[in-house]
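Along the sequence shown, residues carry numbers from 1. Small disclaimer: the values here were computed from a predicted structure and weren't measured. We use all heavy atoms of the structure for the numbers below, so side chains are in, but hydrogens, waters and symmetry mates are not.
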Amino acid sequence: MHIPDGLLSFPVIVITYAITIACVGYSLRKLKDYPEDKIPLLGLFAAGVFAAQMVNFPIIGGVSGHLLGAVLVAVLLGPYAAVVVMTAVLLIQTLLFGDGGITAIGANILNMGILGAFVGYWVYSKLKNTNKTIAIALASWLAVVLGALLTSIEIGISHSLPFGKLLTLMIGYHAIIGIGEALITLSVVQALKAKLPEIGGVPA
């Protein structure tokens, strides 16, 4: 889902950068009161998500998916922490490994980090009192599909690729990838909460 350079128009680049900078700045402000003893968890989760994203699972036709991780971090550490963690991961991927374009950093952080952190966490928070398993799974799946949708819209309005064909392929593939995201997120959340129950005490 990483957007490379050359696909986004200048207005889309400016808008996505502005939204991303505003959201990251707001999240950093909200983390000022984060418990000091929990701060190392941010680095730990950033390293974990980065490593997990290196493991791909095959879909069809040579297409593969991997964990995004925004909902995973949001469920365990809160949405603001998730924004900061995902921003760090995506910046490292772009600047050091060439995953995604520099002009598209704003869009990629928005699509793969901020959207999952805020929208995914909102879905989870609304459903968790009914069924936590369904809440985590649905939030994780939606984060992937909505990220694919927003990516398609950004590229489509930039007129760099045919919108209809792009949207169909992106949503079709990522609806399947989202199932993998949901299963991985569920298993990791359950495992970590069993091993590190104190994570549940981190404020959202």
Side-chain angles (χ1 to χ4, degrees), residues 1-20 23 49 52-75 79 82-83 86-87 89-90 93-94 97-124 126-127 133-187:
M1 203 187 295
H2 293 81
I3 301 173
D5 287 320
L7 289 184
L8 299 181
S9 64
F10 182 72
V12 172
I13 291 170
V14 171
I15 291 170
T16 52
Y17 256 97
I19 294 172
T20 293
C23 289
V49 169
Q53 287 192 1
M54 304 301 286
V55 179
N56 295 300
F57 51 90
I59 308 297
I60 51 176
V63 175
S64 63
H66 62 70
L67 177 75
L68 288 182
V71 172
L72 167 65
V73 182
V75 167
V83 169
M86 294 303 298
T87 297
V89 169
L90 291 164
Q93 287 180 342
T94 300
F97 295 91
D99 245 347
I102 291 177
T103 58
I105 286 176
N108 286 330
I109 293 174
L110 176 61
N111 302 342
M112 292 187 283
I114 294 170
L115 191 66
F118 287 142
V119 178
Y121 186 81
W122 180 82
V123 171
Y124 164 74
K126 293 298 181 183
L127 298 177
T133 298
I134 292 176
I136 293 171
L138 183 58
S140 302
W141 184 83
L142 275 175
V144 172
V145 174
L146 290 177
L149 173 62
L150 188 53
T151 299
S152 301
I153 292 172
E154 290 161 355
I155 296 173
I157 62 178
S158 297
H159 304 294
S160 51
L161 292 173
F163 177 66
K165 185 176 181 180
L166 175 66
L167 181 64
T168 301
L169 289 172
M170 286 287 286
I171 297 299
Y173 282 128
H174 284 86
I176 301 171
I177 291 172
I179 296 173
E181 176 88 5
L183 294 173
I184 294 171
T185 301
L186 275 171
S187 62

Which heavy atom in G113 sits nearest to a heavy atom in L90, and how many Å separate them?
N-CD1, 4.3 Å
Between the main-chain N or O of A182 and the side-chain N or O of T185, is there a donor-acceptor pair closer than 3.5 Å?
no
Distance in Å, T20 OG1 paired with Y17 OH, rounded so as to fall on 0.5 Å steps:
8.5 Å
If you round to the nearest 0.5 Å, how far is CG of L7 from NE2 of H159?
13.5 Å
Looking at A74 and A82, what are the two nearest heavy atoms and their distance?
N-CB, 3.6 Å
For the CD1 atom on I102, are there more than 12 heavy atoms of other groups (residues, nucleotides or ligands in this structure) within a distance under 6.0 Å?
no
Any side-chain heavy-atom pair from L149 and L167 closer than 4.5 angstrom?
yes
Specify the closest pair of heavy atoms between A137 and L186, including all atoms of both residues, with the distance to one decimal.
CB-CD1, 3.9 Å
When rounded to the nearest 0.5 angstrom, what distance separates SG in C23 from CD1 in I109?
10.5 Å
Mind checking whether V144 and L68 have side chains closer than 4.5 Å, heavy atoms only?
yes
Any side-chain to backbone donor/acceptor pair from S158 onto S9? Under 3.5 Å, distance only.
yes
Can you measure from CG (L150) to CD1 (I3) and round to the nearest 0.5 angstrom?
8.0 Å
I'd like to know if the side chain of W141 and the backbone of A175 have a donor-acceptor N/O pair within less than 3.5 Å.
yes
One pair to check against side-chain hydrogen bond (donor to acceptor under 3.5 Å, both in side chains): N111 and E154. What are the steps and the verdict?
CA-CA 10 Å; N111 302 342; E154 290 161 355; 2.8 Å; yes
Rounded to the nearest 0.5 Å, what separation is found between the CG atom of L146 and the OG1 atom of T151?
10.5 Å
If the condition is side chain to side chain contact (heavy atoms under 4.5 Å, CB included), which residues does T103 pass it with, not counting sequence neighbours?
D5, I13
Counting N and O atoms only, with roles assigned by atom type, does the side chain of N108 sit under 3.5 Å from a partner on the main chain of H2, one being a donor and the other an acceptor?
no
Looking only at heavy atoms, the pair that brings L8 and A107 closest together is CD1-CB, 3.7 Å
Could you check Y124 against L138 for side-chain contact (heavy atoms from CB on, under 4.5 Å), going step by step and ending with a plain yes or no?
CA-CA 8 Å; Y124 164 74; L138 183 58; over 6 Å; no
Of all residues at least two apart in sequence or in a different chain, which pass the side chain to side chain donor-acceptor pair (under 3.5 Å) check with T94?
none
What one should report as the nearest heavy-atom pair of F118 and V83 is CZ-CG2, 3.8 Å
So, taking the atom named OG in S160 and the one named CD1 in I155, what distance separates them when rounded to the nearest 0.5 Å?
5.5 Å
Tell me, please, which residues at least two apart from D99 pass side chain to side chain donor-acceptor pair (under 3.5 Å).
none
Going by side chain to side chain contact (heavy atoms under 4.5 Å, CB included), name the residues that satisfy it together with A148, two or more places apart in sequence or in a different chain.
M1, M170, I171, H174
Kindly write out the residues that satisfy side chain to side chain contact (heavy atoms under 4.5 Å, CB included) with T168, not counting sequence neighbours, or none if the list is empty.
none
Contacts of A143 that satisfy side chain to side chain contact (heavy atoms under 4.5 Å, CB included) - sequence neighbours left out
V71
